[in-house]
Amino acid sequence: MKKPIVAIMYDFDKTLSTTDMQNYSFIPALGMKPDEFWGATGEFSKKSEVERILSYMYMMIYLAKQKGIKLTKKFLNECGKNIEFFPGVENWFKRINKYGQQHDVKVEHYLLSSGTKEIVEGCSIAKHFKEIYGCEFYFDPQTQEPVWPKQAVNYTQKTQYLFRISKGATDLRDDSKINQKEKEHRVPYTNMIYLGDGMTDVPCMQVLKNSGGKSIAIYSKKDKAIIQRLVKEKRVNFAFTANYAEGSNLDNTVKSIIKQIAVDNELKQKEEETFRKLSGE
């Protein structure tokens, strides 16, 4: 029997981590507070009319130079080591993988973030993701410092990764596979789960919910009003507090989704086998 694949996709900031990833180490290294850095980013974006995600990437380079900080990949990796996660996150991945194995389902985890990929790569949970899609820099081979955005992921651009993951075309340099016609996608949308914390994740949540997948809004107490709006507008399937611990509502629901996918897959394959026998194939 063919083993189904379940793809779980996550936002990062305030979905897995307790605040924006730059707030833990990078911004303090500049001698700034988060409100100062993000305020300066907003002002630059407003004055220059540069897209907000590209604006924060520019400000990281600009302010690091001002402060005499060499913004190498190694430095950014180090900034990921102090990231704090919501309860249960750090043992979530192995636990969910094990549950999938118990039901003959392969679980894959993907990160879809507008945050800094080099910072994520330095955190304790980076090893659990099959792919990390985020904003990243191209570093000069000689100076080891960033000279150009290698990849920028804004909120609506996140939706392309749903399609790529479904097709199995996860290499962003591969322009051929993404357009190939296939009988079946590697991961059907019905086998996809998206976890995000709010309005910036709405495009992905809406697309996936409308395509038969499951969208889950994650919130802390202070962001509850935003999530209640998403639930009222029926943009998500579920909404839970940011608790990934075993036995939590989030844990139980994701496991139930995986189990249902396993049952549906078994029924589908039995039906296909019966049809083959009746048709004499």
Side-chain angles (χ1 to χ4, degrees), residues 10-86 111-126 129 131-161 172 196-204 218 220 222-223 226:
Y10 310 78
D11 178 45
F12 193 90
D13 298 334
K14 300 177 185 176
T15 294
L16 297 170
S17 64
T18 58
T19 187
D20 295 330
M21 64 182 70
Q22 296 87 353
N23 295 358
Y24 297 99
S25 297
F26 174 74
I27 294 174
L30 297 176
M32 301 176 72
K33 294 180 179 179
D35 287 348
E36 294 174 316
F37 175 82
W38 297 114
T41 295
E43 280 298 310
F44 172 75
S45 180
K46 184 178 179 180
K47 290 179 180 179
S48 64
E49 297 184 350
V50 173
E51 193 268 343
R52 190 169 177 84
I53 298 301
L54 290 171
S55 292
Y56 98 67
M57 296 178 76
Y58 170 82
M59 291 300 288
M60 288 180 71
I61 297 172
Y62 174 75
L63 291 171
K65 284 183 178 178
Q66 273 200 333
K67 303 294 182 178
I69 296 173
K70 193 168 184 177
L71 199 66
T72 62
K73 184 179 289 189
K74 182 179 179 182
F75 170 79
L76 290 171
N77 287 166
E78 287 293 320
C79 289
K81 291 185 176 180
N82 294 325
I83 291 176
E84 297 176 8
F85 298 101
F86 286 118
L111 188 68
L112 280 58
S113 174
S114 294
T116 308
K117 183 178 179 180
E118 291 85 3
I119 292 179
V120 173
E121 289 174 331
C123 79
S124 61
I125 65 172
F129 297 108
E131 294 287 348
I132 297 174
Y133 297 115
C135 300
E136 55 182 318
F137 297 102
Y138 171 72
F139 294 87
D140 185 283
Q142 294 184 329
T143 66
Q144 302 299 308
E145 293 183 274
V147 293
W148 194 259
K150 183 177 178 180
Q151 178 71 16
V153 181
N154 69 25
Y155 313 130
T156 53
Q157 285 173 335
K158 283 186 178 183
T159 58
Q160 71 158 302
Y161 301 107
L172 300 182
D197 68 283
M199 299 307 291
T200 59
D201 298 296
V202 166
C204 279
I218 305 297
S220 58
K222 62 181 180 179
D223 297 321
I226 296 173

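We're numbering straight along the sequence, starting at 1.
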What closest approach, in Å, do [X] and [Y] show between heavy atoms, and which atom pair accounts for it?
| X | Y | result |
| --- | --- | --- |
| Met57 | Pro149 | CE-CB, 3.9 Å |
| Cys135 | Val153 | SG-N, 3.4 Å |
| Ala152 | Gln157 | O-OE1, 2.9 Å |
| Met59 | Ala40 | CE-CB, 3.8 Å |
| Leu30 | Lys67 | O-CE, 3.0 Å |
| Ser114 | Tyr56 | O-OH, 2.8 Å |

Contact list for residues 112-121, test salt bridge (Lys or Arg N to Asp or Glu O under 4.0 Å), sequence neighbours left out: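 Output for this query lists Lys117-Glu136.
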
Atom CD of Glu49: over 12 foreign heavy atoms under 6.0 Å: no

So, taking the atom named [atom1] in [X] and the one named [atom2] in [Y], what distance separates them when rounded to the nearest 0.5 Å?
| X | Y | atom1 | atom2 | answer |
| --- | --- | --- | --- | --- |
| Ile119 | Leu76 | CD1 | CG | 5.5 Å |
| Trp38 | Arg52 | CH2 | CZ | 7.5 Å |
| Asp13 | Ile83 | CG | CD1 | 8.0 Å |
| Ile61 | Phe137 | CD1 | CZ | 4.5 Å |
| Phe26 | Glu78 | CZ | CD | 14.5 Å |
| Thr143 | Lys70 | OG1 | NZ | 6.5 Å |

Does [X] use its side chain to pair, donor to acceptor, with the backbone of [Y] at less than 3.5 Å?
| X | Y | result |
| --- | --- | --- |
| Ser45 | Val50 | yes |
| Tyr24 | Glu84 | yes |
| Thr15 | Asp197 | yes |
| Thr41 | Phe37 | yes |
| Asp20 | Asn23 | no |

N-O pairing of Lys46 and Glu43 below 4.0 Å: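 No, this pair does not count.
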
Test side-chain contact (heavy atoms from CB on, under 4.5 Å) applied to Thr18 and Phe85, step by step: CA-CA 6 Å; Thr18 58; Phe85 298 101; over 6 Å; no

Audit row: Ile125, Leu111, side-chain contact (heavy atoms from CB on, under 4.5 Å) steps and yes/no: CA-CA 11 Å; Ile125 65 172; Leu111 188 68; over 6 Å; no

Ring geometry between Phe44 and Tyr58 (parallel below 30°, tilted from 30 to 60°, perpendicular above 60°): parallel

Ring geometry between Tyr161 and Tyr133 (parallel below 30°, tilted from 30 to 60°, perpendicular above 60°): parallel

Stepwise side-chain contact (heavy atoms from CB on, under 4.5 Å) test for Cys123 and Met21: CA-CA 10 Å; Cys123 79; Met21 64 182 70; over 6 Å; no

Partner set under ring-ring contact (aromatic ring centres under 6.0 Å, His included) for Phe139, not counting sequence neighbours: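 With neighbours one apart ignored, the set is empty.
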
